[in-house]
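Side chains included, hydrogens not; waters and symmetry mates left out as well; all remaining heavy atoms used. Residue numbers begin at 1 in each chain, while the letters A, B, ... track the order of the sequences.
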Protein chains: 2
Amino acid sequence: MNELNYCYKYPHPAVTADCVIFGFDGVSIKILLIQRGIEPYKNKWALPGGFVCIDESAEECARRELEEETGLKGVTVEQFHTFSDVERDPRERVITVAHYALVRLADVVGGDDANAAQWFSQTEIPALAFDHDKILQLALERLKERICFEPIGFELLAEVFTMTELQNLYEAILSIKFDRRNFANKMLKLGILTEAEPRREGTARRIATKYKFNAAKYAELKQRGFRLEF
Amino acid sequence: MNELNYCYKYPHPAVTADCVIFGFDGVSIKILLIQRGIEPYKNKWALPGGFVCIDESAEECARRELEEETGLKGVTVEQFHTFSDVERDPRERVITVAHYALVRLADVVGGDDANAAQWFSQTEIPALAFDHDKILQLALERLKERICFEPIGFELLAEVFTMTELQNLYEAILSIKFDRRNFANKMLKLGILTEAEPRREGTARRIATKYKFNAAKYAELKQRGFRLEF
DNA sequence: AAAATTTTGCGTAAAATTAACGCATTTTAT
DNA sequence: ATAAAATGCGTTAATTTTACGCAAAATTTT
């Protein structure tokens, strides 16, 4: 079975969906890559992704391929750009819809049995297959822009976190240092954080306050036309 | 010649590029639509656009189709979303890369001979073919977001304009009223406007100052990491 | 032509926000 | 035990935003 069964009056490009998956280890941003098992670019590292089936949307494809290649399930991906240069792929004309997502590193361990999926720091990233370097670069830019206006950062942290952890995340993504006290004031004034545990009394104080992201409050504020900013 | 000459091992979707073209008549935002001459949706209004050829990028296709269908030449379009729902088109699986652009209405008149291309105000827009209503709606949202951070509005005005014209444009896009004096101060403080004509002396003063957008100055500021905001 | 209205330029003052930093105590690392 | 870093709770000055006044020039209406 190697027949060419799908025929059209005009040439059709193939369409793929690729994923840039971001994680955070407490210090720096991580990116999830897979090692290709077949030609072209065999053994090269690449973004997870694959061909869009005829009965699924690009987003559905991105999620399916992500699970197949890395074991990551139920991730909410969002498209950020479509790459349509004519010579992107040596095999045939391929247009790719690039997506990104933020995941908790803790949720990932163990998903990668058969597959060579691995997290890389930005500094460790090897040369990637196809034009995936370019795709990754744009994803990083969009992540920076996005985190300034929407509270997507919380998706990278554990459900409960300290203000310092949150600040480290923002500093890692934006490559900016904030004043600790001003950062905390700004975040708290937004009104989208809730204290997660009652503060301890008496003896042991001076333990960092734990917070949760309050999605309900954010949704309410957003509807009233409110905007995050950093 | 109606043969199916282009054959593949797996099914391939068709890919199109569509354009949301914005104009401004001094009072309200206009959108350029074309009337379809063939089925499906024959005689319905739709966004300019068409099938991506095998040797052109989506952006190149958008520009080509725009010229073919409306006579508009040399427009810089920018993609903003790819629509890939399975049932978008009754003929076959079609994925579309949606673009938008801002043009000066003055530059357009006369381009539309053979084609039924027409400008519509937001309130006049009829039900559109395919999912083009959805595409247009997202384009409007993106335009609002974008104009808050990048000086794209100048592309809609004549080269030389008054502060009041600029304010009217912002108010039309954002559906917000600004204080005239505060708006002018904010715009001038950005440092991206240049006075276009020397102000008249003596007798006739009190004629609105004319400005030009200073692209060079904006480029310089942007490189230093500066951000527009409204 | 006169009167009324709108547009334009040039401000000011109060309110709100941002930015820079102090300090004592507790926890963690050496 | 000692040094270094983290945490909570502020203050103050500079900057930015917001609301609005007023008179001259231009425009529209009567």
With sequence neighbours left out, the residues meeting salt bridge (Lys or Arg N to Asp or Glu O under 4.0 Å) with B:Glu78 are B:Arg146

Taken to the nearest whole Å, CD1/B:Ile207 to P/C:dG9 is 10 Å

The helix from C:dA1-D:dT30 to C:dT30-D:dA1: angle between terminal helix axes, five bp per end, to the nearest 10 degrees, reads 40°

note: B:Leu188, atom CG; C:dG9, atom C1'; distance rounded to Å ~ 11 Å

Which side-chain N or O atoms in residues 185-192 of chain B pair as donor and acceptor under 3.5 Å with protein atoms at least two apart or in another chain?
| residue | atom | partner | partner atom | Å |
| --- | --- | --- | --- | --- |
| B:Asn185 | ND2 | B:Arg181 | O | 3.3 |

Sorted by chain and residue number, the salt bridge (Lys or Arg N to Asp or Glu O under 4.0 Å) partners of B:Glu220 (sequence neighbours excluded) come out as B:Arg224

When rounded to whole Å, the CG to C1' distance for the pair A:Asn185 and D:dT7 reads 13 Å

Rounded to whole Å, OH of A:Tyr211 lies from P of D:dT7 at a distance of 11 Å

A:Glu56 meets the side chain to side chain donor-acceptor pair (under 3.5 Å) criterion, sequence neighbours left out, with A:Arg64

> Quick one: does B:Asn168's side chain get under 4.5 Å of B:Phe24's, heavy atoms only?
Replying inline: yes

In whole angstroms, the gap separating C1' of D:dA19 from CZ of B:Phe183 amounts to 17 Å

Between CD of A:Glu195 and C1' of D:dG8 the distance, given in whole Å, is 11 Å

Exercise. With under 30° as parallel and over 60° as perpendicular, where do the rings of B:Phe178 and B:Phe183 fit, or are they tilted in between?
Worked result: tilted

Sorted by chain and residue number, the side chain to side chain donor-acceptor pair (under 3.5 Å) partners of B:Gln167 (sequence neighbours excluded) come out as B:Glu171

The correct set of residues in residues 158-182 of chain B placing a heavy atom under 4.0 Å from DNA chain D is B:Asp179, B:Arg181, B:Asn182

Hits for side chain to side chain donor-acceptor pair (under 3.5 Å) against A:Thr16, two or more places apart or cross-chain, chain-then-number order -> A:Thr96

Sorted by chain and number, sequence neighbours left out, salt bridge (Lys or Arg N to Asp or Glu O under 4.0 Å) with B:Lys44 holds for none

Output a table of donor-acceptor pairs, distance under 3.5 Å, between side-chain atoms of residues 152-163 of chain A and any protein atom two or more places apart or on a different chain; print 'none' if there are none.
| residue | atom | partner | partner atom | Å |
| --- | --- | --- | --- | --- |
| A:Thr162 | OG1 | A:Glu165 | N | 3.2 |

List, one per line, each side-chain donor-acceptor pair under 3.5 Å for residues 130-138 of chain A, sequence neighbours excluded.
| residue | atom | partner | partner atom | Å |
| --- | --- | --- | --- | --- |
| A:Asp131 | OD1 | A:Arg88 | NE | 3.3 |
| A:Asp131 | OD1 | A:Arg88 | NH2 | 2.8 |
| A:Asp131 | OD2 | A:Arg88 | NE | 2.7 |
| A:His132 | ND1 | A:Leu47 | N | 3.0 |
| A:Asp133 | OD1 | A:Leu128 | N | 3.2 |
| A:Lys134 | NZ | A:Asp85 | OD2 | 3.2 |

So which protein N/O to nucleotides 16-18 of chain C N/O distances come out below 3.5 Å?
| residue | atom | partner | partner atom | Å |
| --- | --- | --- | --- | --- |
| C:dT18 | OP2 | A:Lys189 | NZ | 3.2 |

Checklist line | Any B:Thr209 side-chain nitrogen or oxygen under 4.0 Å from OP1 or OP2 of C:dG9 | finding: yes

